[in-house]
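In what follows, chains are A, B, ... by sequence order, proteins preceding strands, each numbered from 1.
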Amino acid sequence: MTKYKRITGMRDVLFDDQPYWRFILNQIQKTVDLFGYRRIDTPVLEQAGLFIRGVGEGTDIVEKEMYLFDDRDGDQLALRPEFTAGIMRAYVENGLHTLPTPLRVWTTGPLFRHERPQAGRYRQHTQFDIEVIGEQDPAVDVEVINLAWHLFTNLGFFGLRLYINSTGCPNCKPAYIQKLVEYFSAHKDTLPPDDQMRLQKNPLRILDSKEAATQPLLANAPRITDHLCDECDNHFSRLKTYLQALERPFTVDYKIVRGLDYYTKTVFEIKADGLGSQDTICGGGRYDGLIQELGGRPTPGIGFGSGIERYVIALKHLGIEPPAEPLPRVTVSYLGEAAKKVAIKLAETLHGAGIGAQFTPGDRSFKAQLKAANRLGASFAIILGDDEIQAGQATVRNLNDSSQTAVNLADLPDWLAERL
RNA sequence: GUGGCUAUGGCUCAAUGGUAGAGCACCUGGUUGUGGCCCAGGAGGUUGUGGGUUCGAGCCCCACUAGCCACCCCA
């Protein structure tokens with residue numbers, strides 16, 4: 001038993017998983033380049049107030065999931081629980097509104113939420129995040145959704161489902177919530193305790209309830225899409241039109257309620273198979289009031305967050321193999337101290353020639369060095385001993401067919417390059 | 001925060017309440033300078049932690065901790 005253990009909900013990503021991560025990050029890079037999004041990186045730590053203000057005081061994230069602590073200066077800091085607030089802070093703070101509008105950005109990195117871990121949920125997890133700032137046209141909503149879909153298709157996912165909804169705006173949302181409260185209050189006695197609490201605290205959540213007793217009530221519950229103001233209704237219908245134009249299948253799911261206060265109008269989720277109970281692989285929406293809330297001028301925005309750990313789970317479940325890691329295909333072994341010095345130099349000569357090579361250290365038996373070459377999966381083992389040094393040559397053993405060739409040291413880079 | 005299940009070498013797992021084992025992986029040897037396969041050997045454990053029952057606990061009981069899964073909620 002080792003003395004130190006991982007912090008709850010945090011994981012080591014070991015070598016078997018790294019090819020998945022490399023594959024995923026490569027596909028992400030290709031996708032954002034294709035769509036013309038630019039990378040932005042913001043700090044992992046922010047003033048706690050940014051999230052309290054941005055994400056919303058009553059949200060679960062702020063209320064019970066944030067990693068909070070006091071800096072040595074006495075400032076209250078938070079490990080970022082999501083990307084959007086920090087990126088919007090950076091947008092306002094750096095005057096990015098002077099760049100061409102809309103501003104399309106992406107990022108990736110760790111986020112932290114103090115939740116109980118389970119399949120597809122970790123206290124430190126990694127998201128791929130997209131934001132488009134400064135444009136209210138639903139065509140960018142569609143672009144953002146499509147970017148995610150495009151990526152997932154390139155990753156090889158199948159069985160994807162897109163769900164969309166509108167969550168209204170400050171003009172129509174409160175009136176709808178009022179209607180919802182009235183409806184469920186009339187049936188209060190049939191509501192299970194959990195949903196009674198939701199009715200008090202966050203009525204929208206009842207729509208998402210899994211309580212059996214509540215299901216019959218949901219069928220006749222007022223739907224937000226019937227209570228949108230003209231502007232929101234128009235936005236939502238154009239969104240659907242553009243999605244149809246793109247020929248992306250979607251389902252309007254009036255139950256989608258995102259957990260952050262800043263969402264307005266469009267909200268959406270993409271779900272995938274093989275993820276257990278946490279099957280949302282991408283979730284996002286529009287936040288037209290957030291930048292103003294954070295002290296900027298009124299600026300619309302839309303984006304999504306997408307959990308990369310969940311990609312890995314889905315890829316494995318779907319049986320999608322990422323490309324193997326490009327390990328060195330040449331080892332440099334030696335016999336004796338004199339040869340060792342030549343071998344050290346030779347390994348670096350090969351690196352300089354762009355040939356992946358690995359020195360086999362430790363003065364272990366020659367047998368052990370060859371064994372190491374085999375375990376690495378190398379194609380060639382270069383052998384240097386007194387005989388070779390005298391002749392200015394190396395013995396090159398082909399590990400696939402066990403043939404051996406003497407090659408002049410000076411010719412070795414070219415000789416190998418031709419055969420790898 | 002709540003519930004269910006679990007906890008034995010690095011990994012996967014054995015061990016009627018009576019001396020903790022195997023396979024894989026690792027190291028060494030079987031070759032004076034030759035890998036894979038095979039053979040032999042070696043190292044590696046205070047059985048998650050702390051209590052209790054018992055002549056005796058890896059095994060039974062309690063608590064704690066951690067992990068997994070689910071709820072809440074979310075990516």
Side-chain angles (χ1 to χ4, degrees), chain A residues 1-11 14 16 55 58-65 81-84 108-130 148 192-195 197-198 201-202 204-205 208-211 256-260 269-272 275-284 303-314 331 333-336 339 360 362 364-389 394-404:
Chain A
M1 268 294 119
T2 45
K3 186 175 179 184
Y4 297 107
K5 307 184 69 175
R6 276 174 307 211
I7 303 298
T8 295
M10 314 220 165
R11 308 193 321 150
L14 302 181
D16 287 352
V55 175
T59 59
D60 277 8
I61 286 181
V62 166
E63 207 167 65
K64 51 188 204 188
E65 295 173 4
E82 61 111 43
F83 276 121
T84 306
T108 186
L111 301 178
F112 302 85
R113 296 181 195 171
H114 193 100
E115 307 176 86
R116 279 294 285 272
Q118 72 186 70
R121 167 182 296 159
Y122 311 103
R123 288 187 178 177
Q124 175 178 336
H125 74 282
T126 312
Q127 282 188 22
F128 163 49
D129 183 276
I130 284 291
D194 275 9
D195 284 332
M197 212 176 68
R198 291 188 177 101
K201 208 181 138 198
N202 193 343
L204 289 171
R205 290 254 159 254
D208 205 20
S209 173
K210 285 161 193 157
E211 300 284 346
I256 293 182
V257 181
R258 315 242 73 245
L260 314 175
E269 292 182 359
I270 298 175
K271 291 175 184 282
L275 288 169
S277 154
Q278 312 303 322
D279 59 351
T280 300
I281 206 166
C282 177
F304 67 71
S306 193
I308 294 181
E309 283 81 359
R310 291 185 185 177
Y311 295 11
V312 176
I313 295 170
T331 58
S333 300
Y334 60 92
L335 287 142
T360 59
R364 286 190 288 168
S365 70
F366 183 61
K367 178 179 180 147
Q369 294 187 57
L370 272 187
K371 192 167 182 171
N374 192 52
R375 289 304 303 263
L376 181 67
S379 298
F380 295 99
I382 293 168
I383 299 162
L384 292 170
D386 293 338
D387 298 348
E388 284 83 358
I389 306 246
T395 298
V396 183
R397 182 175 179 85
N398 181 323
L399 293 168
N400 298 320
D401 64 15
S402 300
S403 64
Q404 294 195 168

Just to verify, what does [X] make a side chain to side chain donor-acceptor pair (under 3.5 Å) with, not counting sequence neighbours?
{"X": "A:Ser306", "result": "A:Tyr311"}
{"X": "A:Thr59", "result": "none"}
{"X": "A:Arg397", "result": "A:Gln404"}
{"X": "A:Thr108", "result": "none"}

Expressed as a whole number of Å, how far does the [atom1] atom of [N] sit from that of [M]?
{"N": "B:G23", "M": "B:U8", "atom1": "C1'", "result": "15 Å"}
{"N": "B:G44", "M": "B:C11", "atom1": "C1'", "result": "13 Å"}
{"N": "B:U65", "M": "B:A22", "atom1": "P", "result": "36 Å"}

### Message
Please determine whether the number of non-hydrogen atoms from other residues, nucleotides or ligands lying under 6.0 Å from atom CG of A:Asp16 exceeds 12.
### Response
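No - once you tally the heavy atoms of other residues, nucleotides and ligands closer than 6.0 Å, there are 12 at most.
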
#### Entry: For A:Glu269, all residues meeting salt bridge (charged side-chain N to carboxylate O under 4.0 Å, His left out), sequence neighbours excluded
A:Arg258, A:Lys271

### Task
Mind checking salt bridge (charged side-chain N to carboxylate O under 4.0 Å, His left out) for A:Arg198 and listing every partner two or more places apart, or none if nothing turns up?
A:Asp195

### Query
Of all residues at least two apart in sequence or in a different chain, which pass the ring-ring contact (aromatic ring centres under 6.0 Å, His included) check with A:Phe304?
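Scan of A:Phe304 (ring-ring contact (aromatic ring centres under 6.0 Å, His included), adjacent residues dropped) gives A:Phe128.
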
#### Entry: Secondary structure of RNA chain B in dot-bracket form (Watson-Crick or G-U wobble, distances below 3.5 Å, | marking inter-strand pairs)
(((((((..((((....[..)))).(((((.......))))).....(((((..]....))))))))))))....

All N/O pairs under 3.5 Å across the protein-nucleotides 23-25 of chain B interface:
from: B:A25; atom 1: O3'; to: A:Arg375; atom 2: NH1; distance (Å): 3.1

